[in-house]
Amino acid sequence: MAFDHHRMNGEIDREARRKGRWRFGYHIMAPSGWINDPNGLVQYKGMYHVFFQHYPNGVEWGPMHWGHVASRDLVNWKHYPIALTPGDACDRDGCFSGSAIEKEGEVCLIYTGHRYADAAKKSSDQVQCLAASRDGINFEKSPDNPIIGTHPKEGSGDFRDPKVWRRGDHFYLIAGTCKDHIGKVVLYRSSNLKNWTYLGVLAQSDGKLGYMWECPDFFALGGKHILMISPQGIEPDGDLYQNLHQTGYFVGNFDYEHMQFDYGDFTELDNGHDFYAAQSFQDNSGRRIVIGWMDMWDSPMPEQAEGWAGALTLPRELHLSENGKIRMTPVPELTQLRKRELVHESELLISENRSFHRLNEELMELEMLFDLKKSDANQFGIKLRCGETEETVIQYETASRVLTLDRSKGGAGPGGTRRTKLPEHDTLKFRIYLDRSSVEIFVNDGEKVMTSRIYPREQNHGVQLFARGGGAQVQNLRSWSL
Ligand code: FRU
């Protein structure tokens with residue numbers, strides 16, 4: 001009855017897969033099956049490698065493998081065979097998230113070996129493991145696994161998502177854990193990636209920042225140190241923390257001598273519905289690039305009907321602004337995606353609904369840029385994938401400076417709005433990437449970013465600019481089909 005077993009795990013319907021209306025045009029997704037977190041981001045022998053949490057045999061989360069894509073340019077991705085498969089003693093129930101680092105010509109993956117600690121699968125006994133490759137494609141697990149076989153006393157069996165970096169002669173590793181409902185990040189040091197010395201807790205929740213911290217990342221940016229985490233269990237607070245879980249960061253100073261990290265407040269990195277478990281890496285040109293999982297735990301995923309589930313965001317470069325906040329900008333390589341210029345207008349007064357283009361297939365994969373000048377309109381906005389029955393609305397309210405992303409009429413799927421207040425500016429610069437089931441909005445060179453999945457139906461292709469209660473002055477409007 002193997003067949004029935006597969007069905008229960010969400011068997012892939014090949015017919016549906018071929019027809020998939022929400023399959024991405026240019027984002028990283030699996031050929032079929034489930035994906036979540038980006039893992040092991042690295043540039044190795046010139047190639048960019050992206051791995052991801054993957055269950056190839058069904059459209060729901062299952063025993064985790066590491067799927068693999070690679071690219072020369074961060075734009076055109078090729079699929080490679082699965083890099084890590086669970087089932088050994090140290091990773092019996094899954095190869096969970098982790099990172100990659102180059103050492104002596106090899107690319108090394110450091111990941112969490114997941115084992116359930118009880119028959120009911122309620123608790124975990126997680127350890128850290130190593131695998132390596134000389135060609136970047138075929139990976140061998142280390143005979144020394146697990147390389148960290150017990151969690152520190154400040155943590156628990158929820159002990160996962162190692163992020164490794166090098167400084168001088170040493171490697172450092174952080175992992176997420178928790179104890180007594182307090183999320184934490186713990187720190188280790190090694191000289192060979194195999195023997196690790198525990199150094200202590202790098203940071204932890206003050207009681208309000210979540211019961212578990214997943215997917216920690218730690219790096220220098222703009223003269224400061226950034227701790228990026230994906231906490232579980234922060235309570236919603238006005239427009240903040242509206243998603244089930246968040247990804248955000250602390251900015252601080254790190255002292256390697258005393259292993260002391262002094263840091264400020266927690267800030268969400270993205271204000272849309274679907275951004276989680278982000279990971280960063282530094283490429284050979286020194287850029288700090290981040291990619292996130294473009295979904296949210298426990299959120300409906302209508303694409304499962306097409307035989308797949310989940311995708312990754314566009315690669316984004318991180319910058320630290322003078323106000324101590326991170327900006328995320330799409331990497332410049334993405335301009336290679338531009339196929340045909342659809343609109344180019346240097347000045348435009350929007351005083352009522354204005355269809356930017358007639359309903360057209362080309363408007364399903366789109367990049368759009370424009371500057372919004374100060375104007376007398378109360379509201380200015382743009383509707384994407386609109387038709388008679390559906391629309392995804394991005395709206396800016398002049399008085400409150402609040403930007404809203406409203407997908408409640410976006411199509412199939414979970415709906416809901418997200419709001420974020422923009423800083424005061426005379427001109428707001430928008431850059432929008434639309435793919436077949438996602439929208440990513442970058443405002444003012446990434447000062448604010450909103451990322452959400454949308455599930456429009458095929459007949460709704462319209463794009464429309466609108467203003468209410470006055471006119472809105474738009475400049476440098478450009479758009480390309482991708
Ligand atoms: C984050 C996460 C990680 C874990 C992985 C399992 O989304 O829960 O903490 O390693 O997903 O797939």
Side-chain angles (χ1 to χ4, degrees), residues 9-10 30 33-41 50-68 82-87 90-100 109-117 121-129 131 146 148 151 155-164 173-178 183-186 205 210-217 228-234 243-248 269-270 273-280 290-299 301 309-313 451 453:
N9 283 317
W34 164 277
I35 80 170
N36 54 286
D37 315 358
N39 293 157
L41 308 184
V50 171
F51 303 84
F52 45 83
Q53 290 285 281
H54 182 34
Y55 184 53
N57 304 324
V59 296
E60 314 233 325
W61 188 84
M64 281 292 108
H65 297 54
W66 275 37
H68 185 191
I82 285 173
L84 296 176
T85 301
C90 65
D91 56 25
R92 193 178 60 219
D93 298 316
C95 298
F96 274 19
S97 286
S99 53
L109 308 181
I110 296 95
Y111 67 99
T112 295
H114 172 63
R115 289 104 49 106
Y116 289 111
K121 302 188 173 179
K122 290 247 183 289
S123 58
S124 305
D125 170 21
Q126 296 172 339
V127 294
Q128 314 317 318
C129 303
I148 304 179
H151 59 80
S156 63
D158 283 298
F159 172 42
R160 57 180 176 265
D161 311 335
K163 177 73 201 260
V164 173
L173 178 155
I174 51 171
T177 188
C178 60
K184 312 182 180 201
V185 170
V186 289
S205 166
Y211 56 79
M212 170 69 196
W213 285 7
E214 298 190 309
C215 301
D217 198 343
M228 185 166 79
I229 54 168
S230 294
Q232 297 181 294
I234 303 186
N243 296 334
L244 180 61
H245 307 311
Q246 292 73 37
T247 290
L269 193 53
D270 187 294
H273 299 81
D274 295 291
F275 185 83
Y276 192 61
Q279 185 176 112
S280 81
V290 74
I291 295 179
W293 178 34
M294 197 159 56
D295 292 282
M296 185 50 58
W297 288 112
D298 294 351
S299 194
M301 297 168 112
L312 304 184
T313 66
T451 302
R453 297 293 303 276

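One-based numbering along the sequence shown. In listed order, ligands and their atoms are each counted from 1. If you're wondering where the values come from, they're calculated on a predicted model, not measured in any experiment.
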Would you say ligand 1 has an N or O under 3.5 Å from any N or O of Ser97? yes
Which protein non-hydrogen atom lies closest to atom 12 (O) of ligand 1, naming both residue and atom, and how far is it? Gln53 OE1, 2.7 Å
Protein heavy-atom partner closest to atom 7 (O) of ligand 1 - residue, atom, separation in Å: Asp37 OD1, 2.7 Å
Between His54 and Asn36, is there a donor-acceptor pair closer than 3.5 Å when you use the side chain of the first and the backbone of the second? no
Counting C-beta onward and ignoring hydrogens, is there a side-chain heavy-atom pair between Val127 and Arg115 closer than 4.5 Å? yes
Atom 4 (C) of ligand 1: which protein heavy atom is closest, and how many Å away? Asp161 OD1, 3.5 Å
To which protein heavy atom is atom 8 (O) of ligand 1 closest, and what is the distance rounded to 0.1 Å? Glu214 OE2, 2.8 Å
Would you say Trp293 touches ligand 1, if touching means a heavy atom closer than 4.0 Å? no
May I ask you to check whether Tyr276 has an N/O atom sitting below 3.5 Å from an N/O atom of ligand 1? no
Against heavy atoms of Met64, which atoms of ligand 1 measure under 4.0 Å? 12 (O)
Which residue is it: His151, Gln128, Glu214? I am looking for the one with a side-chain hydrogen bond (donor to acceptor under 3.5 Å, both in side chains) to Arg160. Glu214
Between Thr112 and ligand 1, which part of the residue brings a heavy atom under 4.0 Å of the ligand: side chain, backbone, both or neither? neither
Is any side-chain heavy atom of Trp61 less than 4.5 Å from a side-chain heavy atom of Trp297? yes
For Gln53 and Asn39, does a side-chain donor sit closer than 3.5 Å to a side-chain acceptor? yes
Quick check: do Thr313 and Asp270 have side-chain heavy atoms less than 4.5 Å from each other? no
May I ask you to check whether Phe275 and His273 place their ring centers less than 6.0 Å from one another? no
